[in-house]
Structure formats: C-alpha cells, structure tokens
Amino acid sequence: MAHTAPFPAMKTPFLTIVCLLCALPAFAGFSATTKTVRLGYGQKETQVVFESDSPITHAKAHCDCTELEVAGKRLVATVDTSQFDAPVEKTISAETADGKKATLTMKFDVPPAVVFTPASLSWKVGEAAKPKVLRITVPAGSPVTALKEAGLSGEDFIYKAAKGNKKGEYTVTVTPKSTAKRVRNRLVIKMKSDDPRFAQRIIQLRVK
C-alpha cells in the first residue's frame with residue numbers, strides 16, 4: 001500500500017607494473033586520449049574533438065549516441081547527451097595510419113538536478129529502530145523547481161517530510177516500525193520539473 005505526504009511549498013609490486021606496461025599495445029599519438037566535458041542541465045548535444053600526430057584511418061564509437069566524423073588527423077564526436085542524467089563515460093576505438101590503436105574516452109560530468117544524502121537508508125537487523133534523516137537539496141539553476149511529495153511503498157516504515165531552513169532544502173525523517181527481521185520498502189520522491197527525467201527518484205529503505 002502506498003502512502004504519500006506533501007512537502008511544504010518551496011600497493012601493486014613494481015615488477016608487476018613493469019610487466020603490465022610491457023604487455024600493453026602501442027598507442028596512437030593522440031594529444032589526449034581522455035576528454036572530460038561538463039554538461040549543462042538538460043543539454044541535448046555536445047561535440048568532443050580528438051587530434052592525432054598521424055592520420056586517422058579508422059574510428060568506431062561504442063555507443064549509438066555518438067556519431068563520428070574523421071578528417072585527416074582530427075576526429076569529431078557528436079554526442080547525443082539528452083538522456084544523460086548522471087556522470088557517464090563513452091569510448092571510441094581509433095586506429096592511425098602508422099598501425100597504432102587507441103581507446104578514446106569521453107567523460108561527461110552531469111550536474112545533479114537534486115542531491116540526496118544519503119542515497120539510501122538502512123538499518124541492521126536487531127539494532128535500535130531509531131529515525132534517520134534523508135536530506136534533499138535542489139541546487140540553484142536546477143531544472144527541478146520544487147519537490148511535490150514523498151510517497152511510501154510498503155508498511156514497514158513511518159516518515160515525515162519537511163521543508164529545510166534554506167530555499168531548496170528538504171528533509172524526510174524515516175523510522176522503521178521494527179528491526180526484528182529483514183524488510184525492504186521504497187520512498188518515492190516526486191518533483192516539479194519540465195524535464196520528465198527528473199519527475200521522481202526512488203530511495204531504498206532496508207532493514208538488512
């Protein structure tokens with residue numbers, strides 16, 4: 001049975017390392033094989049450029065979200081980032097005219113629309129059934145404008161939602177009814193946002 005409550009308004013040995021290095025293949029002469037890109041909230045697309053000392057003869061993206069364009073020593077990756085809602089890595093295999101190969105890595109830093117601390121709440125079987133607090137923060141500029149309500153799926157916990165002292169801060173205090181046995185319920189946080197990716201977040205509640 002689901003219950004809801006509204007929020008108030010807004011050391012590795014040296015020899016081993018040497019052996020591993022000797023076993024690695026020769027890499028193409030790219031000026032950088034890893035690029036980190038910071039995305040804005042809801043950013044739909046971005047381009048990442050890699051350059052090599054030798055003409056690039058082959059390149060393959062390992063994700064359907066990435067389209068590649070190769071022109072001589074320059075590789076341009078156009079990435080559909082519309083579904084990225086958390087930090088993620090995407091890779092590309094590349095080979096140059098001198099026969100060398102490389103794996104190119106793109107790291108996308110996605111700012112969180114809402115910060116949940118901790119990411120889940122848990123108790124151990126037999127410990128005191130004391131309340132724990134889930135702290136929720138909506139950063140400035142987030143596509144989430146407010147939190148609407150908290151809903152509990154299950155009957156093994158009780159909770160209370162409240163607005164924090166600062167704008168964009170909320171808390172949910174959760175208490176297990178008993179810690180005598182293992183249980184698992186879910187806390188569903190619903191949010192106000194024009195972006196459906198941020199409509200809700202599931203927080204796991206466990207006695208384990």
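- Considering only heavy atoms from C-beta on, T36 stays 4.5 Å or farther from F108 through its side chain.
- Note that the CD1 atom of I92 and the OG1 atom of T103 stand 10.0 Å from one another [nearest 0.5 Å].
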Which donor-acceptor pairs under 3.5 Å do the side chains of residues 129-144 make with protein atoms, sequence neighbours left out?
{"unit_1": "K132", "atom_1": "NZ", "unit_2": "S122", "atom_2": "O", "d": "2.5"}
{"unit_1": "S142", "atom_1": "OG", "unit_2": "A113", "atom_2": "O", "d": "2.6"}
{"unit_1": "S142", "atom_1": "OG", "unit_2": "V144", "atom_2": "N", "d": "3.0"}

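- The distance from the NZ atom of K192 to the CD atom of E149 is 10.5 Å, given to the nearest 0.5 Å.
- Residues V110 and F84 share a closest heavy-atom pair of CG1-O, 3.8 Å.
- Here the straight-line distance linking atom NZ of K177 with atom CD1 of I158 works out to 7.5 Å at 0.5 Å rounding.
- Using a 4.5 Å cut-off on side-chain heavy atoms (C-beta onward), K107 and T105 make contact.
- A chain of hydrophobic side-chain contacts below 4.5 Å, direct or via other Ile, Leu, Val, Met, Phe, Trp or Tyr residues, connects Y170 to F116.
- Inspection of the D195 and S193 side chains reveals no N or O donor paired with an N or O acceptor under 3.5 Å.
- Linking ILVMFWY residues whenever their side-chain heavy atoms come closer than 4.5 Å, directly or via other members, leaves Y41 and V88 in distinct clusters.
- In this structure, L152 CG and L187 CG are separated by 6.5 Å, a value rounded to the nearest 0.5 Å.
- With sequence neighbours left out, R186 forms a side chain to side chain contact (heavy atoms under 4.5 Å, CB included) with S153, I202, Q204.
- Going from atom OG1 of T33 over to atom CE of M106 covers 12.5 Å, rounded to the nearest 0.5 Å.
- The shortest heavy-atom contact between A94 and L104 is CB-CD1, 4.0 Å.
- Taking the centre and axis of the six-membered ring of F50, the NZ or CZ atom of K35 falls inside the cone set by 45° and 6.0 Å.
- Summarising the geometry of E155 relative to N185, their closest heavy-atom pair is N-OD1, 3.4 Å, with the distance given to 0.1 Å.
- Side-chain contact between R182 and V207 is absent, with no heavy-atom pair separated by less than 4.5 Å.
- Under the 4.5 Å side-chain heavy-atom criterion for grouping Ile, Leu, Val, Met, Phe, Trp and Tyr, V115 is not connected to I189 through any hydrophobic cluster.
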Per-pair distances, 0.1 Å, donor-acceptor, side chain in residues 54-62, under 3.5 Å, sequence neighbours excluded:
{"unit_1": "T57", "atom_1": "OG1", "unit_2": "E95", "atom_2": "O", "d": "3.2"}
{"unit_1": "H62", "atom_1": "ND1", "unit_2": "T91", "atom_2": "OG1", "d": "2.7"}
{"unit_1": "H62", "atom_1": "NE2", "unit_2": "S93", "atom_2": "OG", "d": "2.7"}

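- In this structure the side chain of P111 reaches within 4.5 angstrom of the side chain of R38, judged on heavy atoms.
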Next item on the list: Step by step, work out the side chain to side chain contact (heavy atoms under 4.5 Å, CB included) result for W123 and F157.
Entry: CA-CA 11 Å; W123 293 255; F157 297 84; 3.5 Å; yes

Under 3.5 Å, which donor-acceptor pairs do the side chains of residues 64-80 form with other protein atoms, sequence neighbours left out?
{"unit_1": "K73", "atom_1": "NZ", "unit_2": "D53", "atom_2": "O", "d": "3.3"}
{"unit_1": "R74", "atom_1": "NH1", "unit_2": "E51", "atom_2": "OE2", "d": "3.3"}
{"unit_1": "T78", "atom_1": "OG1", "unit_2": "Q47", "atom_2": "NE2", "d": "3.1"}
{"unit_1": "D80", "atom_1": "OD1", "unit_2": "S82", "atom_2": "N", "d": "3.0"}
{"unit_1": "D80", "atom_1": "OD1", "unit_2": "S82", "atom_2": "OG", "d": "2.7"}

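- Between E127 and T179, the closest heavy-atom pair is O-OG1, 2.5 Å.
- Sequence neighbours left out, not one pair with a member in residues 199-208 passes salt bridge (charged side-chain N to carboxylate O under 4.0 Å, His left out).
- Criterion: ILVMFWY side-chain heavy atoms under 4.5 Å apart, direct or through other members. Under it, V49 and L39 are not part of a common hydrophobic cluster.
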Margin query: If you apply the rule side chain to side chain contact (heavy atoms under 4.5 Å, CB included), what do you find for L147 with K190, and how did you get there?
Written below: CA-CA 6 Å; L147 276 75; K190 294 187 177 181; over 6 Å; no

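- In this structure, the side chains of V37 and V48 come closer than 4.5 Å at one or more pairs of heavy atoms.
- With sequence neighbours excluded, no residue forms a side-chain hydrogen bond (donor to acceptor under 3.5 Å, both in side chains) with R184.
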